[in-house]
Novice: 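Got a structure for you, written out below as structure tokens; questions coming shortly.
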Amino acid sequence: MYKYDPKSLIADEFINDGEIRETLRYAEENKNNIELIDSILEKAKPRKTQDGVFASGLNHREASVLLACEIPEKIQEMYKLAEHIKKTFYGNRIVMFAPLYLSNYCVNGCVYCPYHLKNKTIPRKKLTQEEVKREVIALQDMGHKRLAIESGEDPVNNPIEYILECINTIYSIKHKNGAIRRVNVNIAATTVENYKKLKDAGIGTYILFQETYHKESYLKLHPTGPKHDYNYHTEAMDRAMQGGIDDVGLGVLFGLELYKYEFAGLLMHAEHLEAVHGVGPHTISVPRIKKAADIDPSTFDNGISDEIFAKLCALIRISVPYTGMIISTRESQAVREKVLKLGVSQISGASRTTVGGYTEEERPTDTEQFDVSDQRTLDEVVRWLMENGHIPSFCTACYREGRTGDRFMALCKSGQIQNCCHPNALMTLKEFLMDYASEETRIIGEALIQAELENIPKEKVKTICADHLEKIAIGIRDFRF
Ligand code: SAM
């Protein structure tokens, strides 16, 4: 019998089944306890301090009470608070990225993923370095600056050396004014040694989805292959941090298990990272299971409605105010619109989830990892964001300036985002408008930049930013604060 201990390095202790069950019981018991709910909402409100604005977030027990609560007025209060926190710490910037699928060779047996070993219906493909180059040029030509590379797990076909070679290729390509300035990596759990190598290769965030925090289900959903080892997978972020990567991204694949269980587990994981390493997750992703080659999402019983999905996004924002939240093109335009307001801070655009998909004229589906709902071009996504009051940002400054881990969190907590991330967003948006946007998008964007320039609080920063914007207009690139 394991005991709950957020500081432990044993998966069963920091994600403790007994503690989750007790949390769910407590949440259910208190879901109509207005006094408690109000006090939790009060605790989560951002407050001014000497150094800026501060929000305490919520622990898994408090947040689970809010998730269990079904009182409509209280849910509206949660949404309002999530919006307020989002505005306070992130402003209206939305960071843009695209996934790049390197290889769909995989030795695992994940029952929800079409890349599983036994699937003979999909062609297996792995990009050569020449193909990586072509994909990256296609991505640069859309205007992307930040990628998340994706790969199946296969020590023979996609060993760490292959991943490192691809990262190197990606960073080396300079095509017209294009550049990939940040490569995030979503590959299977690996060793401290390999995490060190990824760190040395200059990666941004190491992303690994837990899929499910329910150990018993995890073992069934991953019946074969190295990913079957629940503890090795769950303890991966600790090894990544040991290897020197201090920006890590968590995620749950919603639909596999009961969402209340997953939510408590996810927050416990965040609390564990904070307790052991002094810094919580850099990002949290919220994928839902989608249709794919031989995968039918309706065979999983725990699918969640759009309403519950929105509530989860709002409560993640409230609970971990400094953690970025990512949403992919798995979700439709309508769902994305809703959750952007509630706390999502990063979205992908024009994604192709096929190996080699960006160089094909038509969106191919043969090696697709999942069905893409939002199929708009990057230009369309950028325009839509601006029309909805957001600033699309192609900024990658933080990690290039060494503001990772706790240093990024410190920036967030000091409320300096308006003087740093905000101008960076405007300058990178300007680059996009100059180099890649349609005329219609450019006109909307130029007006937005002019208006938003006024929202930079420090005069000196505003003047420098305005000067950089002029230089970008005459062809100079890559300014940052
Ligand atoms: N192979 C790596 C691993 O095992 O963690 C990571 C890469 S995998 C290509 C990226 C993620 O896609 C998985 O972690 C999983 O959550 C998600 N995924 C797999 N099948 C999916 C499906 N049918 N619908 C939506 N997302 C899916």
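For this chain, numbers begin at 1 and follow the sequence in order. Both ligands and their constituent atoms are indexed starting at 1 by order of listing.
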Novice: How far is atom 3 (C) of ligand 1 from its nearest protein heavy atom, and which residue and atom name does that atom have?
Specialist: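 Residue, atom and distance for the closest contact: Lys227 NZ, 3.5 Å.
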
Novice: Classify the ring geometry between Tyr115 and Tyr101 as parallel (under 30°), tilted (30 to 60°) or perpendicular (over 60°).
Specialist: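 Plane angle over 60°, so perpendicular.
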
Novice: Mark the output for Ser151 as yes if a heavy-atom distance to ligand 1 is under 4.0 Å, and as no if none is.
Specialist: yes

Novice: Whether Arg61 and Glu19 form a salt bridge (side-chain N of Lys/Arg under 4.0 Å from carboxylate O of Asp/Glu) is what I want to check.
Specialist: yes

Novice: Does Arg376 come within less than 4.0 Å of Asp374, counting only side-chain N to carboxylate O?
Specialist: yes

Novice: Centre-to-centre under 6.0 Å for Tyr206 and Tyr195, is that the case here?
Specialist: yes

Novice: Does only the side chain of Glu150 get under 4.0 Å from ligand 1, or the backbone, or both, or neither? Count heavy atoms.
Specialist: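 Glu150 to ligand 1: side-chain contact only, backbone stays beyond 4.0 Å.
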
Novice: Please determine if Asp247 and Arg182 form a salt bridge, counting it only when a charged side-chain N lies under 4.0 Å from a carboxylate O.
Specialist: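 Looking at Arg182 together with Asp247, the answer is yes, because their closest N to O distance falls below 4.0 Å.
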
Novice: Does some non-hydrogen atom of Arg288 fall short of 4.0 Å from ligand 1?
Specialist: yes

Novice: Of the side chain and backbone of Leu208, name the one, both, or neither that has a heavy atom under 4.0 Å from an atom of ligand 1.
Specialist: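 For Leu208, the contact with ligand 1 is made by the side chain alone.
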
Novice: Minimum distance, heavy atoms only, to atom 10 (C) of ligand 1: which one of Asn186, Thr212, Val252 is it?
Specialist: Asn186

Novice: Under 4.0 Å from a heavy atom of Cys113: give me the atoms of ligand 1 that qualify, with their elements.
Specialist: 19 (C), 20 (N)

Novice: Side chains of Lys196 and Thr191: is there a donor and an acceptor less than 3.5 Å apart?
Specialist: no

Novice: Who's closest to atom 25 (C) of ligand 1 heavy-atom-wise, of Gln210, Arg330, Glu153, Gln369?
Specialist: Arg330

Novice: Quick one: salt bridge (Lys or Arg N to Asp or Glu O under 4.0 Å) partners of Arg134, sequence neighbours excluded?
Specialist: none

Novice: Would you check whether Tyr115 has a nitrogen or oxygen atom less than 3.5 angstrom from a nitrogen or oxygen atom of ligand 1?
Specialist: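 No.
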
Novice: Counting from 1, what ligand 1 atoms have a heavy atom of Lys290 closer than 4.0 Å?
Specialist: 22 (C), 23 (N), 24 (N), 25 (C)

Novice: Out of Lys291, Glu368, Glu211, who is nearest to atom 13 (C) of ligand 1 when you count heavy atoms only?
Specialist: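 Nearest heavy atom to atom 13 (C) of ligand 1 lies in Glu211.
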
Novice: Looking only at heavy atoms, which two atoms of Asn104 and Pro123 are closest? And how far apart?
Specialist: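 So the two residues come closest at ND2-O, 3.1 Å.
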
Novice: Which of the atoms of ligand 1 are close to Ile289, meaning less than 4.0 Å from one of its heavy atoms?
Specialist: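 Every atom of ligand 1 under 4.0 Å from some heavy atom of Ile289: 24 (N), 25 (C).
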
Novice: Which residue and atom name correspond to the protein heavy atom nearest atom 21 (C) of ligand 1, and how close is it?
Specialist: Tyr112 O, 3.9 Å

Novice: Side chain, backbone, both or neither: which part of Pro287 has a heavy atom under 4.0 Å from ligand 1?
Specialist: neither

Novice: Measure the distances from the heavy atoms of Ala188 to every atom of ligand 1 and state whether one is below 4.0 angstrom.
Specialist: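 It does; at least one heavy atom falls under 4.0 Å.
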
Novice: With sequence neighbours excluded, tell me which residues meet salt bridge (Lys or Arg N to Asp or Glu O under 4.0 Å) with Glu257.
Specialist: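 For Glu257, no residue satisfies salt bridge (Lys or Arg N to Asp or Glu O under 4.0 Å) once neighbours in sequence are set aside.
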
Novice: With the threshold set at 4.0 Å, does a side-chain nitrogen-carboxylate oxygen contact exist between Glu431 and Arg181?
Specialist: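 Yes.
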
